[in-house]
Each structure stands twice: as structure tokens, then as C-alpha cells.
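The structure under discussion appears below in the form of C-alpha cells.
Both backbone and side-chain heavy atoms feed into the values below; hydrogens, waters and symmetry mates do not. Not measured: the values here are computed from a predicted model.
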Amino acid sequence: MATRRKTAIIVFLILCIPLFLLAQATEEGTLTLDQCISIAVQQNPLVLSSMQKYNASLARVSQAKALAQPSINWDSDLQPKLFQFGDSGEWYFGISQALEFPGKRSLRGKIASKQASELLQDIELLKLDIVFQVKQAFYNLLLSQEKLKYAGQNLELAEDFLQKAELKYEAGDVAKVEALRARVESSKAANAVRSASNDVRLAKAMINFLLARKKYSPIEIQGNLKRVEIGLNEDDLIARALSFRPEVKRINLGLERESLTKKKGYMSYLPDFELGVNKHRVIGEGDFWDFTLSFPIPLYFWQPKKGEIAEAEANIQALNREVEHLQNAITLEVGEAYMNALMINNQIRLYEEEILTQAEEVYNMFLFSYQEGEIGGIELIEARRTLIEARTSYADALFNYDVAIAALEKSIGQKLEGDGQ
């Protein structure tokens with residue numbers, strides 16, 4: 001009863017938490033990264049399906065620990081004719097119960113419990129993948145919005161350049177080709193804004209998909225692409241990954257399960273019992289009580305060794321090899337994610353300390369020179385393009401860094417301190 005009540009509470013929370021988060025987001029008008037992750041994890045159909053499978057595996061624990069059903073028996077002897085029960089010389093009426101050797105029943109329950117825990121780790125692995133996908137989509141939407149902002153700035157600069165070029169052309173200071181070039185640049189900038197707007201629309205559709213919402217449902221998010229300083233140490237990250245990754249926990253649970261299965265095989269040597277109590281009536285002599293104790297003879301004692309025990313030993317050897325492979329794979333994965341994050345972090349510092357400042361200074365210098373008539377429109381156009389490209393590349397670097405940190409978190413199976421939107 002307590003287990004059912006606990007399961008009902010969990011189901012209630014699974015259904016209500018996403019609705020609460022969505023209602024809160026509707027009031028505020030935006031969704032944070034944490035809210036998106038919570039809704040996606042709770043609403044994802046694969047997670048819900050896996051939770052049902054986990055509940056089924058918990059039910060198998062009770063099945064494994066179930067006692068054998070007792071038997072009621074009635075035996076009619078010394079009948080003068082077939083099926084002439086009323087004239088039988090004696091009869092037996094009693095009950096019998098099969099009893100396993102102590103420890104077998106609890107051992108089966110532990111094996112089923114380990115299997116359920118393995119499924120739970122599969123769910124944790126699925127959640128890790130969903131969290132990474134949500135973060136990637138969230139950051140992609142932030143990047144698309146950032147690029148749309150820069151495209152809008154580029155359009156403003158292009159239109160400002162067009163106005164100046166047309167004024168200069170009307171004043172006879174520049175040739176007509178200068179005004180035509182400015183018009184082309186303005187059209188290209190307007191087209192870039194339309195393209196960036198479509199990218200934002202597609203990015204929102206992806207988040208809606210991950211949140212199990214309709215593709216083009218209205219959605220707004222709250223956050224910024226930014227570089228968060230996190231103390232990273234490769235050896236520490238690898239150690240954490242080998243401790244927290246769900247795959248590692250799952251294999252360890254599998255090893256424990258197979259060890260229990262092997263022990264169960266050895267316990268099959270030990271006999272089970274069957275107890276019976278019967279009321280024995282002999283016609284003309286009275287009633288008597290019979291007590292029966294029976295157990296099997298382990299005549300074919302080698303069968304468990306060839307069967308269940310040998311299978312468990314082979315599975316243990318296989319899982320040990322999988323542990324070695326998984327440790328190597330995790331070490332490589334964490335190392336690659338770590339180096340990728342460091343490389344992108346250095347790129348961001350270069351943009352912040354040099355490239356962005358220099359690009360803005362160059363554009364302002366060329367704009368002043370153009371207004372003074374010292375240079376033509378080509379130089380100003382190139383300076384403007386360089387500035388927008390620098391800002392866009394900086395946004396790309398921030399996006400890549402956030403995704404790299406998300407990949408690093410996925411590789412270690414744990415959230416890093418200092419991360420967040």
C-alpha cells in the first residue's frame with residue numbers, strides 16, 4: 001500500500017510540475033534554461049515510457065519474492081467401485097506448502113531489484129541526453145536572436161550609409177555607382193534580417209519539439225550567451241565521470257546482479273522442502289493426523305554448474321571487459337570535451353581583448369573618413385562587414401563555449417558549478 005501511494009504521488013508530480021512551470025512561464029512571458037530542462041525531462045515521451053517500464057520492473061520484484069501457493073488435497077482410498085466416494089474405506093484431507101531453502105527467495109528479490117535499478121540508470125542516461133539537447137537548442141535560439149540583432153544593426157548601418165551616399169550623389173560629390181552600391185548593400189542587409197528571422201523561428205520550433213509542445217507555439221526565453229569561469233581540471237573531471245556516469249553505475253549493478261545470480265545457482269544445490277498436514281479417517285477405527293516432510297534428492301547435481309552458474313560466470317567476465325572499454329571511452333570523451341572548452345575559451349578572450357575593440361575602432365575611423373570625403377564607400381562597406389562579422393563570430397564562439405560546457409557536463413554525468421543562465 002505504501003509503495004502504491006508513493007507511486008501515485010510521483011505520477012501526480014510528473015503531471016503537475018510541467019503544468020506549473022508552463023503556467024509560471026506564461027505569467028512571466030519567458031522561459032529560463034532551468035525551466036526548459038525541467039519541462040522537457042518531465043514531458044518527454046521516452047522518459048515517460050521508460051518510467052512505466054521501471055514501474056513494471058518494480059512489480060517484478062514482488063513477483064520474484066512471492067511465496068508458492070499452498071495446496072489443499074483430498075484422497076479417497078479403498079473404494080468398492082470407481083468413484084464410489086461414500087463407501088471408501090479411508091480418506092485423507094489436508095494442506096501442503098512448498099518452502100524454499102532459507103535465502104533463495106530473498107536472493108531472487110535482490111536480483112530483480114538490481115534489474116530495476118539498471119533500468120533506472122538507463123532513464124538517467126536518457127535524461128542526460130535530453131538535457132544536452134535542450135541546452136543546445138536553448139543556446140542556438142539565443143545565438144539566432146543575437147545574430148538577428150546584429151543583422152538589424154547591420155541594416156541600420158547600411159541604411160545610414162545609403163542616405164549619406166545619396167546625399168553625396170545629389171551634391172555631386174560621388175558618382176552614381178557609389179549610390180547604387182549603397183542600395184545593393186542595403187538590400188543585402190535587409191535580406192540577411194529576413195534570413196536571421198527565419199533562423200529564430202526554426203530555433204523556437206526545435207525547443208517546442210523538445211518540450212513536447214506544438215511546433216510553432218509562441219515561446220520566449222530568458223538568458224544570455226556568456227562565458228562563465230569554471231575551475232576545470234582534467235583528472236578531476238575524469239574521476240567524477242567514472243563515478244557519476246549512469247553507464248558506469250549500470251554496469252556495476254549488472255556485475256552485482258550476475259554475482260547474485262551465480263550465488264543463486266550455487267544455492268540450487270540446497271534442497272527445498274514441502275510440508276503437509278492431513279486428517280486421516282479410517283472407517284470404523286477413527287480419525288488420525290498425518291505429517292509429511294519431503295525434499296528432492298540432488299541426483300543431477302551437475303546441472304546447475306553447467307547452466308545458471310556457468311552463464312553467470314560468463315556474463316561477469318563480459319561485463320568486466322565492458323567496464324575496461326567504458327573507462328577508456330569515458331576518459332577519451334571527457335578529455336576531448338575538456339580540450340574543446342579550453343580552446344574556445346581562449347578564442348573568446350581573444351575576441352574580448354583585441355578583435356572586437358579593434359573592429360569597432362576601424363569602423364569608426366573609416367566612417368569619419370568617409371564623412372570627410374577622404375575615402376570611398378568601398379572601404380566603409382568593408383569596415384562595416386568586418387565589424388558585423390567580428391560580432392557574429394564572437395556570438396558563435398560564446399555559443400560554442402556554452403555547448404562545449406554542456407557536452408562536458410554530459411560526459412561527466414553531472415552539472416558543473418558556475419554554469420547557468
Practice task
Take Arg183 and Glu166 through the salt bridge (charged side-chain N to carboxylate O under 4.0 Å, His left out) test and state the conclusion after the steps.
Solution key: CA-CA 9 Å; Arg183 190 171 297 279; Glu166 288 180 342; 2.3 Å; yes
Practice task
Mark yes or no: Lys279 above the aromatic ring of Phe93, with NZ or CZ under 6.0 Å from the six-membered ring centre and no more than 45 degrees from the axis.
Solution key: no
Practice task
Scan side-chain atoms only and decide if Tyr150 and Glu146 contain a donor-acceptor pair under the 3.5 Å cut-off.
Solution key: yes
Problem - Note: Arg245-Glu333 ion pair, threshold 4.0 Å (strictly below) - result: yes
Exercise for the section: Compare all side-chain heavy atoms of Leu242 with those of Gln327 and state whether any distance is below 4.5 angstrom. Expected result: yes
Practice task
Answer whether the closest heavy-atom distance between the side chains of Arg240 and Leu416 falls below 4.5 Å.
Solution key: yes
Problem - Polar side chain donor-acceptor pair, Arg391 to Gln153, under 3.5 angstrom - result: yes
Handout entry: Residue pair Asp199 / Leu148, side-chain heavy-atom distance below 4.5 Å
Key = no
Handout entry: Audit row: Arg384, Glu185, salt bridge (charged side-chain N to carboxylate O under 4.0 Å, His left out) steps and yes/no
Key = CA-CA 11 Å; Arg384 176 172 55 81; Glu185 288 296 319; 3.1 Å; yes
Problem - Carboxylate-amine/guanidinium proximity below 4.0 Å for Glu100 and Arg105 - result: no
Handout entry: Salt bridge present between Lys135 and Glu409 (N-O < 4.0 angstrom)
Key = yes
Handout entry: Donor-acceptor side-chain pairing of Gln133 and Asp129 below 3.5 angstrom
Key = yes
Handout entry: Least distance between heavy atoms, Tyr401 atom then Asn345 atom
Key = CE1-CB, 3.8 Å
Problem - Asn73 side chain reached by Ser96 side chain, heavy atoms, under 4.5 Å - result: yes
Problem - Pairing of Asp122 and Arg250 as salt bridge, 4.0 angstrom limit - result: yes
Handout entry: Asn252 side chain to Val248 backbone, donor-acceptor under 3.5 Å
Key = yes
Handout entry: Glu311 with Lys262: basic N within carboxylate O range, under 4.0 Å
Key = no
Practice task
For the pair Glu118 and Arg257, find out whether any cationic side-chain nitrogen is under 4.0 Å from an anionic carboxylate oxygen.
Solution key: yes
Exercise for the section: Just do the side-chain hydrogen bond (donor to acceptor under 3.5 Å, both in side chains) check on Gln43 and Arg213 with the steps written out, would you? Expected result: CA-CA 9 Å; Gln43 293 284 76; Arg213 304 174 65 196; over 6 Å; no
Fill in the blank from the handout: Per ring-ring contact (aromatic ring centres under 6.0 Å, His included), His280 is matched among Trp289, Trp91, Trp74, Tyr92 by Tyr92
Handout entry: Beyond-backbone contact of Val323 with Leu255, side-chain heavy atoms, under 4.5 angstrom
Key = yes
Practice task
Flag the pair Lys147 and Asp396 as a salt bridge only when some basic side-chain nitrogen lies within less than 4.0 angstrom of an acidic carboxylate oxygen.
Solution key: yes
Problem - Donor + acceptor pair across side chains of Tyr394, Glu352 (<3.5 Å) - result: yes
Exercise for the section: Salt-bridge test for Lys104 and Asp272: reply yes if a basic N is under 4.0 Å from a carboxylate O, no otherwise. Expected result: yes
Problem - Whether Asn198 side chain and Arg194 backbone form a donor-acceptor pair below 3.5 Å - result: no
Practice task
Flag the pair Ile130 / Leu210 as yes when at least one side-chain heavy-atom distance between them is below 4.5 Å, and no otherwise.
Solution key: no
